[in-house]
Amino acid sequence: MVMTDVAHTAAPSEGADLLSTVQQQFDEAADLLDLPARLRGILRAPQRELTVNFPVKHDNGRIEVFQGFRVQHNLARGPTKGGIRYHPAVTLDETRALAMLMTWKCALAGLPYGGAKGAVVVDPKQLSLGEIERLTRRFATEISVAIGPERDIPAPDIGTNPQIMAWIMDTISMHQGHTVPAVVTGKPINIGGSEGRLEATGRGLTYVLTTASQHLGLKIPEIRLAIQGCGNVGSTVAREAVALGMKVVALSDSRGGVYNPHGLDVEAVLTHKARTGSVAGVANADSLSNEELLEIECDVLVPAALSGVITAQNASRIKAQIIAEAANGPTTKAADAILYDRGCLVIPDILANAGGVTVSYFEWVQGLQEFFWSEREVNAQLRRVMTNALQQVLRVAAERQVDLRTAAYMLAIQRVGDAVTTRGIYP
Ligand code: NAD
């Protein structure tokens with residue numbers, strides 16, 4: 001079974017760091033918004049947290065107890081939404097941070113959701129398919145008190161995939177005695193998954209990028225992209241960009257990158273990667289390192305692999321006019337300041353990679369209605385949501401004279417704060 005690459009998750013000690021980083025980002029935006037103290041208290045901490053310890057029988061009969069979490073950060077705007085991660089180093093603090101980020105991402109896209117995240121401390125690569133299925137079904141049962149179509153809707157994340165979502169859906173359906181398609185998203189299409197879900201993150205990023213390019217007056221056929229990472233998101237961005245008439249000049253994966261200033265033959269690179277496991281060594285291209293790729297001559301840089309790759313050390317050498325963050329957290333705070341001063345437009349992760357959760361929302365809507373859309377309809381709605389979100393962020397950034405990341409946080413936090421205020425404090 002294909003698992004999502006786990007290379008870009010946090011190490012154990014990084015879980016607490018990530019939480020303090022997202023809380024710091026929240027504090028800064030809250031200061032700019034003059035958010036009242038009572039709202040800060042509500043929004044700064046997760047609303048609900050569930051920790052579960054549960055036994056799973058291995059193929060050889062051995063019983064092992066695993067730990068898992070489900071964190072629901074805020075429920076003011078609707079049920080909560082967020083992935084489930086399987087990783088040996090995942091922590092409760094990391095899960096809290098990721099749940100909070102999901103609240104802002106959903107609010108920014110205007111989706112009627114709060115944020116959540118789930119995790120199991122496990123290395124799925126060490127388990128057989130049967131063991132993963134038993135772990136998944138038992139974890140789904142343990143968190144079944146918290147999830148459901150009206151409560152909290154999981155999706156795939158690092159280490160999980162559509163098959164795992166199918167097992168969760170089936171487990172909850174067995175408990176209920178009827179099929180409950182809207183309990184998870186990112187399902188296989190034959191059991192209620194949405195057309196266009198797999199490509200949604202990369203495609204959504206391309207829609208945002210097109211609007212941002214027009215905003216800066218860049219001509220689409222003259223745009224040269226460099227993309228770090230050639231997995232689900234990076235490869236989709238590459239294909240979509242070429243379909244729009246842009247040139248992809250550099251593309252990489254964990255083994256290195258390839259470069260052609262006149263534009264790579266993206267299909268040839270992807271075929272080479274499918275055959276050999278890497279983009280490295282494809283014909284008609286020079287090789288370059290992942291570090292060199294970030295500083296290459298290009299108009300748009302798309303980090304689509306790891307967090308923390310754009311730093312104070314390399315930010316001043318980056319030539320791109322636009323950085324569209326497909327990966328979560330690729331730019332450090334110090335780099336952000338340098339790039340802003342140099343006039344580089346950084347489209348932040350919670351905006352640039354929101355296409356995935358947006359089409360997850362469409363999948364949930366289709367599941368609730370038992371009425372399914374064509375891929376063309378999915379893409380048209382995705383384009384509408386992503387373009388609106390970018391335009392709103394650009395407006396706030398111009399009004400408040402802040403970078404797009406700060407504007408995105410301000411907009412999202414304001415929306416969630418408004419929902420809390422309008423609903424009032426119970427009882
Ligand atoms: P993926 O596992 O499909 O691909 C990751 C790619 O990064 C692979 O090509 C891998 O070779 C490459 N990579 C790994 N280590 C690297 C290194 N040291 N240097 C350069 N490249 C390296 O993952 P994905 O689904 O494409 O996600 C990419 C990023 O986007 C991740 O940060 C993920 O969290 C984020 N993201 C993904 C989605 C989604 O829907 N898939 C949604 C939101 C955010």
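Atoms within a ligand are numbered from 1 in the order they appear, just like the ligands themselves. Both backbone and side-chain heavy atoms feed into the values below; hydrogens, waters and symmetry mates do not. Source: prediction; values computed, not measured.
- Heavy-atom contacts from other residues, nucleotides or ligands closer than 6.0 Å to NZ of Lys273 number more than 12.
- Some N or O of Gly231 is nearer than 3.5 Å to an N or O of ligand 1, by distance alone.
- With hydrogens and angles ignored, the 3.5 Å screen pairs no side-chain donor or acceptor of Arg197 with any backbone N or O of Ile189.
- For ligand 1 and Asn328, the ligand atoms under 4.0 Å from any heavy atom of the residue are 32 (O), 34 (O), 44 (C).
- For ligand 1, the polar-atom distance check against Asn232 finds a nitrogen or oxygen pair separated by under 3.5 Å.
- Within the 4.5 Å cutoff, no side-chain heavy atoms of Asp299 are placed close to those of Glu222.
- Inclusion of Ile158 in the set of residues having an N or O under 3.5 Å from an N or O of ligand 1 is not warranted.
- Residue Asn314 qualifies as enclosed at atom CG: its count of foreign heavy atoms under 6.0 Å is above 12.
- Residue contact annotation: Ser254 has a non-hydrogen atom under 4.0 Å from ligand 1.
- Taking any N or O of Gln228, backbone or side chain, none lies under 3.5 Å from an N or O belonging to ligand 1.
- Between Leu306 and ligand 1, a contact under 3.5 Å exists for no N or O pair.
- Between Thr80 and Lys117, the side chains place no donor N or O within less than 3.5 Å of an acceptor N or O (distance only, hydrogens not considered).
- Applying the side chain to side chain donor-acceptor pair (under 3.5 Å) test between Arg405 and each of Glu325, Gln25, Glu28 identifies Glu325 as the sole match.
- Looking at Val237, Thr201, Asn290 and measuring to atom 38 (C) of ligand 1, the nearest heavy atom belongs to Thr201.
- Residue-to-ligand polar distances keep Lys105 apart from ligand 1: every N/O pair is separated by 3.5 Å or more.
- Here's the thing with Val233: one of its N/O atoms is less than 3.5 angstrom from an N/O atom of ligand 1.
- Atom CG of Leu301 is separated from atom SG of Cys344 by 8.0 Å, given to the nearest 0.5 angstrom.
- Between Phe26 and Tyr409, the ring center distance fails the sub-6.0 Å criterion.
- Between Gln126 and Glu131, the closest heavy-atom pair is O-OE1, 4.3 Å.
- Considering each of Gly229, Gly204, Ala326, the one bringing a non-hydrogen atom nearest atom 36 (N) of ligand 1 is Ala326.
- Short contacts between ligand 1 and Asp253, defined as distances under 4.0 Å to a heavy atom of the residue, involve ligand atoms 9 (O), 11 (O), 20 (C), 21 (N), 22 (C).
- If you look at Ala305 next to ligand 1, the close heavy atoms, those under 4.0 Å, come from the backbone and the side chain alike.
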